[in-house]
Amino acid sequence: RPVFRVDGGGETAELDAPRGRGFYFVKVPTDRVGDVRALERIGFSVIDTALTFELVREVPIETAIEVREYTPEDAEAVLAIAGSAFRYSRFHLDPEIGLPLAHHVKREWIANYVAKRRGDALLVAHHAGRPAGFLAALVSHGTAAIDLVAVATNAHGQGVGTALCAAFARRYAGMPRIVGTQIINVPSVRMYGKLGYQLARSQYVLHHHVGA
């Protein structure tokens, strides 16, 4: 189905139900509860609460994990991680999307980095002689963002995510640096807090599926 992002100025009286076949999504600041109710009345459902953090204090990190720029030799491992490691994205949380398609979305997302069609940099963490995680960075309007970050399921708890985020902070030193995650992703929220990130804003994420 075609995909549509819904934008608006907050005038709930102007909301109308999507009529065309497609997948519609919208992000609404969490203080606009009236807009959320209006969107629910026309078929949208809250899927996620998205949190955006801003780096306000750099925390020195000592790690033996090597983080370097992506090379073509990393492609197979990086795409495999992208297609299996995520659990809390809005695609994974939406029961109408399903796990196989949600994994496919994330794999294709990183495939665009591999093909240099998206983003500014793709960093890869190497642990025990093999890729163990990646971080995709995006720069827009003078701000560096962690677009996606993932750790292989067999490398959890070994500091891979911390090493990737520390490398991101160093690479874009001197620029505003942000990262987004889901409120359900408690391990990531805790990690960003330890690394010096502070909550900057929150949004409800709503989906609406029209047609099969």
Side-chain angles (χ1 to χ4, degrees), residues 1-56 82 86-99 101-113 115-122 135-150 168 172 175-185 188-189 192 197-212:
R1 288 170 289 177
V3 177
F4 301 95
R5 184 183 68 193
V6 179
D7 293 321
E11 295 295 330
T12 58
E14 297 180 5
L15 290 170
D16 194 8
R19 294 183 174 86
R21 175 178 176 272
F23 166 53
Y24 298 79
F25 72 94
V26 59
K27 298 182 180 181
V28 179
T30 49
D31 61 350
R32 282 167 43 188
V33 177
D35 287 0
V36 172
R37 289 182 175 178
L39 287 161
E40 288 176 333
R41 284 195 293 270
I42 60 175
F44 282 84
S45 298
V46 174
I47 297 297
D48 170 30
T49 301
L51 306 177
T52 300
F53 293 85
E54 182 177 1
L55 185 62
V56 296
F86 291 94
R87 291 291 181 273
Y88 301 122
S89 81
R90 61 189 179 93
F91 305 104
H92 289 78
L93 295 174
D94 188 334
E96 294 194 50
I97 290 178
L99 189 60
L101 181 55
H103 281 335
H104 178 72
V105 168
K106 292 302 186 181
R107 181 184 174 93
E108 289 301 297
W109 198 309
I110 292 304
N112 282 323
Y113 274 85
K116 300 187 183 301
R117 292 190 295 262
R118 178 182 175 88
D120 185 70
L122 182 59
L135 185 150
L138 185 69
V139 176
S140 178
H141 303 293
T143 297
I146 297 177
D147 193 21
L148 281 182
V149 58
F168 165 81
Y172 296 101
M175 298 176 62
R177 286 151 289 178
I178 62 172
V179 61
T181 191
Q182 300 75 37
I183 198 169
I184 193 175
N185 195 347
S188 289
V189 171
Y192 295 135
Y197 285 83
Q198 186 177 82
L199 182 64
R201 64 179 181 272
S202 58
Q203 297 172 299
Y204 294 119
V205 181
L206 297 92
H207 288 179
H208 185 25
H209 300 267
V210 179

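Atom set for the values below is all heavy atoms of this structure, side chains included, hydrogens, waters and symmetry mates excluded. For reference, positions follow the sequence shown, starting with 1. These numbers were taken from a predicted model, which means no experiment stands behind them.
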Trace of the side-chain contact (heavy atoms from CB on, under 4.5 Å) decision for R87 with H103: CA-CA 9 Å; R87 291 291 181 273; H103 281 335; 3.3 Å; yes
Might you work through the side-chain contact (heavy atoms from CB on, under 4.5 Å) test for E108 and N112, ending with a clear yes or no? CA-CA 6 Å; E108 289 301 297; N112 282 323; 5.6 Å; no
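- Using a 4.5 Å heavy-atom threshold, the side chains of R21 and P2 count as touching.
- Checked against side-chain hydrogen bond (donor to acceptor under 3.5 Å, both in side chains), Y204 has no partners two or more places apart in sequence or in another chain.
- Rounding to the nearest 0.5 Å places OG1 of T143 at 6.5 Å from CE of M175.
- Of the residues listed (F25, W109, F86), the one engaging F91 in a side-chain contact (heavy atoms from CB on, under 4.5 Å) is W109, and it is the only one.
- With rounding to the nearest 0.5 angstrom, the CZ atom of F53 is 11.5 Å from the CZ atom of R201.
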Walk me through whether L99 and H92 qualify under side-chain contact (heavy atoms from CB on, under 4.5 Å). CA-CA 6 Å; L99 189 60; H92 289 78; 3.6 Å; yes
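- Nearest heavy-atom pair, H209 versus D94, reported as atom, atom and distance to 0.1 Å: NE2-OD2, 2.8 Å.
- Taking every heavy atom of both residues into account, I110 and A136 meet most closely at CD1-CB, 3.9 Å.
- A distance of 11.0 Å separates OG1 of T181 from CG of L199, quoted to the nearest 0.5 Å.
- Looking at heavy atoms from C-beta onward, L148 lies out of side-chain contact with Y113 at the 4.5 angstrom threshold.
- Between the CD atom of Q203 and the CG atom of D31 there is a distance of 10.5 Å, given to the nearest 0.5 Å.
- G142 approaches P176 most closely through the heavy-atom pair O-CD, 3.3 Å.
- Minimum interatomic distance between D35 and V28 (heavy atoms only, all atoms of both residues): CB-CG1, 4.1 Å.
- Contact check for H208 versus V6: no side-chain heavy atoms found under the 4.5 Å cut-off.
- The shortest heavy-atom contact between A121 and Y172 is CB-OH, 3.5 Å.
- Remark: side-chain polar atoms of R1 are paired, donor with acceptor, to backbone N or O of G211 under 3.5 angstrom.
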Show your reasoning for whether side-chain contact (heavy atoms from CB on, under 4.5 Å) applies to V149 and F168. CA-CA 10 Å; V149 58; F168 165 81; over 6 Å; no
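- Residues Y197 and I146 have side chains in contact (heavy-atom distance under 4.5 Å, counting atoms from C-beta outward).
- Across all their heavy atoms, I97 and A102 have their closest contact at CG2-N, 3.9 Å.
- Atom-to-atom distance recorded for K27:NZ and D48:CG is 8.5 Å, nearest 0.5 angstrom.
- The closest side-chain heavy-atom distance from L138 to D120 is not below 4.5 Å.
- Of the inter-residue distances, the one linking F44 atom CZ with H207 atom NE2 reads 9.5 Å to the nearest 0.5 angstrom.
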